[in-house]
Amino acid sequence: MNFANELVLWYHQNKRDLPWRHTTDPYVIWLSEIILQQTRVEQGMPYFNRFLAAYPNVTAFANASEDDILKLWQGLGYYSRGRNMLKTAQLVRDEHKGVFPSAYDELIKLKGVGEYTAAAISSFAVNEARAVVDGNVYRVLARYFGIDEPINSTKGKKLFQQLADAVLNKEEPGLHNQAMMEFGATLCKPKNPACGICPVSLGCQAFKTNATTQLPVKLKTVKVKERFFNYFLVLNGNEILMNKRTGNDIWTGLYDLPLVETDTLLPAHEIVTQPLTLHYFGPNPQVEEVFGLQKHILTHQRLTIRFIKVKNQPVYMEPDWFYTDLENLEKLALPKIVFIFLTNFFKFENNSLFSN
DNA sequence: GTCCAGGTTT
DNA sequence: AAACCTGGAC
């Protein structure tokens, strides 16, 4: 019995019962796979259920607005996934008569569907013989075959894809792919792998040479840029001044507050004298309250954020600024940190709209 | 607090 | 090759 078939046997005994494992509908599989990209099952599950309930088929999804999609996506991160899903759903509605593709060569053309996702959907939906290579598969293969080529190098990616193709069970590719990933996710884990109960430990190079903690090898990179965000909280009656984020920056398509960004950490009283602040609020911004500094970490950026409540209304409005009442604010997709701040602020103000 | 995990796009 | 987000482990 080879390595891959052992894992399929293991999978039959040990698989988790997950909702997207009960379907061969490529739309439902696509929904689950995009949500699960870069996301843990426990975090993605409630989003999957909400999306499926709201949009039971791809045409329903395609008929939603970007604001609707991003609002449901709020808190899940990597918001381009949601924006790309809408484009893909619209394309399926308009160019594929609402029939979601299930062939790898069609799937790979869709926005937000890369090699992994195309292989996953095509193998799960119609048993097309395509090997998935996700983070779990990299780890399982690197350990079992004792490969120390970095998994995030161009060479390493090719090597691992070839190896995954070579060990693929072409009779049952869907089952094989599920088994490889489930095994990596629950037994051959990044930390504290359960080698003691592993069905293939005797053939595992990393186990034999005590190298499980060293594999897989990943080139580390990531220089982190520091940014300093000063958000202005401006209320007018029962309305709040918001900004819609556009362009190529973080959180595109989401909503935040009027912003003055600086290159260095400045004390709040100096923010108020920044040229941009004066441009927005006139010569005498009336600061009512300064909220404490908060850190927010993204992949390549470390944000230091403070919120400043001002009494006067702006004398200049950016084109993407608008006032909205609290009822409508609830419908807007906000970055996590802005959502938490506003929720707490209005809860403190005893506004029932934000009291959950 | 710090570190790490996880696919696609440009 | 670099950018994109959040949450869990320690």
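Chain identifiers are assigned alphabetically (A, B, ...) following the order of the sequence lines, protein sequences preceding nucleic acid strands; residue numbering begins at 1 within each chain.
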Checklist entry - Taking for each residue the nucleotide of DNA chain C bearing the nearest heavy atom, is the 5' side occupied by K191(A) or by Q38(A)? => result Q38(A)
Checklist entry - So what does K218(A) touch, heavy atoms closer than 4.0 Å: a base, only the sugar-phosphate, or nothing? => result sugar-phosphate
Next on the checklist: With a cut-off of less than 4.0 Å, is there a side-chain N or O of N136(A) near OP1 or OP2 of dG6(B)?
Outcome noted: yes
Checklist entry - Mapping T154(A) and K336(A) to their closest nucleotides on DNA chain C, which lands nearer the 5' end? => result T154(A)
Next on the checklist: Between E182(A) and R21(A), does any NZ, NE, NH1 or NH2 come within less than 4.0 Å of an OD or OE carboxylate oxygen?
Outcome noted: yes
Next on the checklist: Applying a 4.0 Å non-hydrogen cut-off, can you work out what I340(A) is touching in the nucleic acid: base, sugar-phosphate, or nothing?
Outcome noted: nothing
Next on the checklist: Under 4.0 Å, heavy atoms only, any strand: does R139(A) hit a base, just the sugar-phosphate, or nothing?
Outcome noted: sugar-phosphate
Checklist entry - With a 4.0 Å cut-off on heavy atoms, is Y78(A) in touch with a base, just the backbone sugar-phosphate, or nothing at all? => result base
Item to check | R302(A) CZ to dA3(C) C1', straight-line distance once rounded to whole Å | outcome: 18 Å
Item to check | Gap between atoms CD1 and P, on I151(A) and dC4(B) respectively (whole Å) | outcome: 13 Å
Checklist entry - What is the distance from CZ of R227(A) to C1' of dA3(C), rounded to the nearest Å? => result 12 Å
Next on the checklist: Classify K111(A) by what it touches in the nucleic acid, base, sugar-phosphate, or nothing, heavy-atom distance under 4.0 Å.
Outcome noted: sugar-phosphate
Item to check | Side chains of F100(A) and L110(A) in contact at under 4.5 Å (non-hydrogen atoms) | outcome: yes
Item to check | Whole-Å distance separating the CD1 atom of I305(A) from the P atom of dC5(C) | outcome: 13 Å
Checklist entry - Does atom CD of E42(A) have more than 12 heavy-atom neighbours from other groups under 6.0 Å away? => result yes
Checklist entry - For the pair made of NZ in K295(A) and P in dT2(B), what is the distance, rounded to whole Å? => result 9 Å
Checklist entry - For the rings on F291(A) and F307(A), is their centre-to-centre separation under 6.0 Å? => result no
Next on the checklist: With rounding to the nearest 0.5 angstrom, report the CZ to OG1 distance, R93(A) to T88(A).
Outcome noted: 12.5 Å
Next on the checklist: Just to be sure I understand the rule, does T117(A) reach a base, reach only the sugar-phosphate, or reach nothing, if contact means heavy atoms closer than 4.0 Å?
Outcome noted: sugar-phosphate
Checklist entry - dC4(C) P sits how many Å from N84(A) CG, rounded? => result 15 Å
Checklist outcome for this item: Whole-Å distance, I34(A) CD1 to dG6(B) C1', equals 13 Å
Item to check | Strand contacts (DNA chain C) in residues 40-55 of chain A, 4.0 angstrom heavy-atom criterion | outcome: R40(A), Q43(A)
Checklist entry - Is the F160(A)-F145(A) ring centre distance short of 6.0 angstrom? => result no
Next on the checklist: Does any part of the side chain of F341(A), heavy atoms only, come nearer than 4.5 Å to the side chain of I305(A), both counted from C-beta?
Outcome noted: no
Checklist outcome for this item: Rounded to whole Å, the CG-P distance (L303(A) to dA3(C)) equals 14 Å
Next on the checklist: Taking 4.0 Å as the cut-off, does a side-chain nitrogen or oxygen of Q37(A) come that near to OP1 or OP2 on dT8(B)?
Outcome noted: yes
Next on the checklist: Looking at N152(A), I'd like to know whether one of its side-chain N or O atoms comes within less than 4.0 Å of OP1 or OP2 on dG6(B).
Outcome noted: no
Checklist entry - Do the side chains of L254(A) and F339(A) get nearer than 4.5 Å, heavy atoms only? => result no
